Colleague: 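Just passing along the structure, written as structure tokens.
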There are 2 protein chains.
Amino acid sequence: MIDKLEFLLALAREKHFGRAAEACGVTQPTLSAGVKQIEEQMGVLLVRRGSRFQGFTPEGERVLEWARRIVGDTRNMREEINSLRHGLSGRLRIAAIPTALAMVAALTTPYRERHPHVQFTIYSRTSVEILELLENLEIDAGITYIENEPLGRVSIVPLYQEHYRLLTAADAPLGDRDKVTWAEVAQVPLCLLTPDMQNRRIIDRLLKSAGGESRPTLESDSMILLFSHVRTGRWASVMPAKIAETLGLTDTIRAIPITEPDAVHTIGLVVPKREPMTPTTAALVEEAKRLAPMLDS
Amino acid sequence: MIDKLEFLLALAREKHFGRAAEACGVTQPTLSAGVKQIEEQMGVLLVRRGSRFQGFTPEGERVLEWARRIVGDTRNMREEINSLRHGLSGRLRIAAIPTALAMVAALTTPYRERHPHVQFTIYSRTSVEILELLENLEIDAGITYIENEPLGRVSIVPLYQEHYRLLTAADAPLGDRDKVTWAEVAQVPLCLLTPDMQNRRIIDRLLKSAGGESRPTLESDSMILLFSHVRTGRWASVMPAKIAETLGLTDTIRAIPITEPDAVHTIGLVVPKREPMTPTTAALVEEAKRLAPMLDS
DNA sequence: ATGGGTTGATAGATAAAAGCTATCAATGAT
DNA sequence: ATCATTGATAGCTTTTATCTATCAACCCAT
């Protein structure tokens, strides 16, 4: 029965019987039969079909919601019992927005000290994708912007505020300043993240409200790429302070605080709201709470 | 898998492989195999055995906790989908303490007006039993004392305060009074519930703190029996006002308010704390909230 | 229109599992 | 010592799950 519910979850993610089957490690007829069996047990059609997958019926959406919970709890049970025997172990799957990647190490390093048998998988994803992954139980925790998160579905631990820096060569325009305003930054050609990233949209908004406009000369979804360009001394970029510091400043490249406003958005750890959590996730939340006061200096 | 978890729940209730199997509608070897299979999947012994059932291991207790949740959610899912198709239907199982039985009709009657296809099963149980039944998913709701309930496990809707009455013949001692004190009541020989009932223990406490002692001339676990004795005119009893009024007063039998203190304990509806609730249970909670202000007059 | 490519359903065979009956071994009580 | 209770085990049967192979509907591009 629980396996069948997993079929349903896979189908919701993949929106395709064949791929869902593959993801579950069964053949397509098996998955089809499984879905049909749930439908018979419930006495309702759950999937809208018509020679191809066309989404779920309203009843299907409800069953899906329950399935997420039931399947999730089953996994949590397994993990908890495992932890009782072997201490914390298993794999912790975390997704973070690119600008937060640099601080993940601040979380994983002390975690690993305490629980050496836990393994990590870290994904770099957009904030929207992170929420989807959380929904679908594909990750255990996300690190992302915590403003306007749908409370009730997730638990949140605030970690730090994003302070922005203008990264530029010391001999470039504005390169000699101790601080700059967003209005000034708007005059400089920038390397920025692609517009599907929330960080980029935030920067766009800040530039716009300072009377400027966002016309980046270069876009990428990789912070490394942006930084490597800045490092040549010929490009400039805007990055959160945390990642700018981590990437390492040379004497020729400066990270200049941008003010008015100084900090706007908060980054936090986001985990599925479910009591009790898995022991590994609970430990991560503990670690985040421990870490938070040390970050926001 | 879920069936196996149900085996475990049955075993926890029945504390006996044979009876648990019967309750699940399978044979004893089948249930034994099911339990063993979960143990293998978890990699831990869950049940302490030794030629007979000896309870659960610590891991077993944890699995049991999860099993309750998972099995409960599965049932809730089924019921919710059913409701989407047929409107509210099914059976609502409620247990109430004896002194609250009289007011159950105030809940079920308007409920039935709104949802005619829902059937009821009402049990008369002690407050302790009610909590056990709730734990084991054997009832959907309880009506009991809500003081010192373990919050977190259950949701509570207060319904009314218990006001006590001395039931006695008009021509018996105290029979002519408009109100009496607990100290005075302590002087009268009474018919009371058996000491396993919380109501009795409450009355004992009230009598004791008024300097009296509880030496009932007659004990029973049935309110009907107590009342029928009072009705002969030769016995007296202490009952909550609600049930005294419902049982019907004659001109020879009076229900005299007992003061100092007047009311102490609150009766409420208690349902498993789980979001979302089954639609039938949610509707019952609604009904209780609607009813509560009308009761406490 | 028509043919190739995709998608999910169906049929038939086989393997896996779940369940039953019958029986046994261990334990406790009389 | 004997008997009753309780849960485990063995052997067999039925049911369920899954696979491979194939089909029908549909989409799209020519």
Side-chain angles (χ1 to χ4, degrees), chain A residues 1-61 63-64 67 70-71 74-75 77-78, chain B residues 1-61 63-64 67 70-71 74-75 77-78:
Chain A
M1 177 76 208
I2 287 178
D3 314 323
K4 315 294 170 61
L5 292 179
E6 301 225 32
F7 290 177
L8 224 55
L9 293 188
L11 188 55
R13 300 200 277 284
E14 307 286 349
K15 305 185 200 314
H16 186 288
F17 278 73
R19 282 196 294 277
E22 195 183 7
C24 294
V26 297
T27 59
Q28 170 263 315
T30 300
L31 186 128
S32 284
V35 171
K36 182 181 283 183
Q37 190 183 318
I38 302 183
E39 287 180 326
E40 276 162 13
Q41 282 189 26
M42 297 286 171
V44 205
L45 278 185
L46 302 177
V47 176
R48 291 192 298 124
R49 298 149 157 108
S51 91
R52 61 186 54 219
F53 178 79
Q54 292 184 314
F56 290 85
T57 64
E59 291 87 353
E61 296 286 351
V63 171
L64 214 51
I70 293 166
V71 169
T74 307
R75 292 188 194 167
M77 171 175 70
R78 292 216 144 80
Chain B
M1 176 76 206
I2 288 180
D3 313 323
K4 314 293 171 62
L5 292 179
E6 301 225 32
F7 290 177
L8 224 54
L9 292 188
L11 187 55
R13 291 201 286 283
E14 307 286 349
K15 308 187 198 313
H16 185 287
F17 279 73
R19 283 196 294 278
E22 194 184 8
C24 294
V26 297
T27 59
Q28 170 263 314
T30 299
L31 188 129
S32 283
V35 171
K36 182 181 285 184
Q37 190 182 317
I38 302 184
E39 288 180 326
E40 277 162 13
Q41 282 189 25
M42 297 286 171
V44 204
L45 277 186
L46 303 176
V47 176
R48 292 191 297 125
R49 298 147 156 108
S51 90
R52 63 186 54 220
F53 178 81
Q54 292 185 313
F56 291 85
T57 64
E59 291 87 354
E61 296 286 352
V63 171
L64 213 52
I70 292 166
V71 169
T74 307
R75 292 187 193 169
M77 171 175 70
R78 293 215 143 81

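Lettering follows sequence order; numbering is per chain, from 1. Since the structure is predicted, the reported quantities are computational estimates derived from the model, not experimental observations.
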Colleague: Between dG7(D), dT9(D), dT7(C), which nucleotide gets closest to the side-chain atoms of R52(A)?
Modeller: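 It is dT7(C).
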
Colleague: Rounded to whole angstrom units, what separation is found between the CG atom of L45(B) and the P atom of dG7(D)?
Modeller: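 Whole-Å distance recorded here is 15 Å.
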
Colleague: Can you tell me how far the NZ atom of K36(A) sits from the CG atom of L46(A), to the nearest 0.5 Å?
Modeller: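 That separation rounds to 13.0 Å.
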
Colleague: With a 4.5 Å limit on heavy-atom distance, are the side chains of Q41(B) and K4(B) in contact?
Modeller: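 In short, these two side chains do not touch, never coming nearer than 4.5 Å.
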
Colleague: Consider the side chain of F17(A), meaning its heavy atoms from C-beta on, and name the nucleotide among dA17(C), dG8(C), dC20(C) that approaches it most closely.
Modeller: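 Nearest to the side chain of F17(A) among the choices is dG8(C).
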
Colleague: Quick check on DNA chain D: between Q28(A) and D3(A), whose nearest nucleotide comes earlier from the 5' end?
Modeller: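 On the 5' side of the pair lies D3(A).
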
Colleague: Of the nucleotides dC20(C), dA8(D), dC19(D), which one has an atom closest to the side chain of S32(B)?
Modeller: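 The answer is dA8(D).
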
Colleague: Rounded to whole Å, how long is the line connecting atom CD1 of I2(B) with atom C1' of dT16(D)?
Modeller: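 Distance check: I2(B) CD1 to dT16(D) C1' gives 17 Å.
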
Colleague: Among the candidates dG19(C), dG7(D), dT9(D), find the nucleotide nearest to the side-chain atoms of K4(B).
Modeller: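 Among the listed nucleotides, the one closest to the side chain of K4(B) is dG19(C).
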
Colleague: Is the shortest side-chain heavy-atom distance between L9(B) and L64(B) below 4.5 Å?
Modeller: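 L9(B) vs L64(B): side chains touch.
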
Colleague: If you find the nucleotide of DNA chain D closest to R49(B) and the one closest to F7(A), which residue's nucleotide is nearer the 5' end?
Modeller: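 It is R49(B), whose closest nucleotide lies nearer the 5' terminus.
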
Colleague: Send over the distance from L31(A) CG to dT20(D) C1', rounded to a whole Å.
Modeller: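 For the pair L31(A) CG and dT20(D) C1', the rounded distance is 17 Å.
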
Colleague: Are V26(B) and F7(B) packed together at the side-chain level, in the sense that at least one heavy-atom pair is separated by less than 4.5 angstrom?
Modeller: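 They are in side-chain contact.
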
Colleague: If you check the Q37(B) side chain, which of dA18(C), dG7(D), dC20(C) turns out closest?
Modeller: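 Output: dA18(C).
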
Colleague: Looking at dG8(C), dC20(C), dT18(D), which one has an atom nearest to any side-chain atom of T30(A)?
Modeller: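 Output: dT18(D).
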
Colleague: Expressed in angstrom and rounded to an integer, what is the separation of E14(A) atom CD from dG8(C) atom C1'?
Modeller: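 Checked: the CD to C1' distance equals 16 Å.
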
Colleague: Expressed in angstrom and rounded to an integer, what is the separation of R48(A) atom CZ from dT7(C) atom P?
Modeller: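 It is 18 Å, rounded to the nearest whole Å.
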
Colleague: If you check the V26(B) side chain, which of dA8(D), dC20(C), dG8(C) turns out closest?
Modeller: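 Selected nucleotide (nearest to the side chain): dC20(C).
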
Colleague: Just compare dT9(D), dG7(D), dA9(C) and give me whichever is closest to any side-chain atom of H16(B).
Modeller: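 Nearest listed nucleotide: dG7(D).
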
Colleague: Report yes if at least one side-chain N or O of K36(A) is closer than 4.0 Å to OP1 or OP2 of dG8(C); otherwise report no.
Modeller: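 Checking K36(A) against dG8(C): no side-chain N or O falls below 4.0 Å of OP1 or OP2.
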
Colleague: Could you tell me the separation between the NZ atom of K15(A) and the P atom of dT7(C), rounded to a whole number of Å?
Modeller: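 K15(A) atom NZ is separated from dT7(C) atom P by 15 Å.
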
Colleague: Any donor and acceptor pair, going by atom type alone, linking the side chain of E39(A) with main-chain N or O of V47(A) inside 3.5 Å?
Modeller: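 A pair under 3.5 Å: yes.
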
Colleague: Round to the nearest Å and state the distance from E39(A) atom CD to dG8(C) atom C1'.
Modeller: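 Spelled out: CD on E39(A) to C1' on dG8(C) is 13 Å.
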
Colleague: Between dG8(C) atom P and F56(A) atom CZ, what is the distance in whole Å?
Modeller: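 In whole Å, dG8(C) P and F56(A) CZ are 11 Å from each other.
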
Colleague: Quick check on dC20(C): is either OP1 or OP2 less than 4.0 Å from any side-chain nitrogen or oxygen of T27(B)?
Modeller: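 Yes, within the criterion.
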
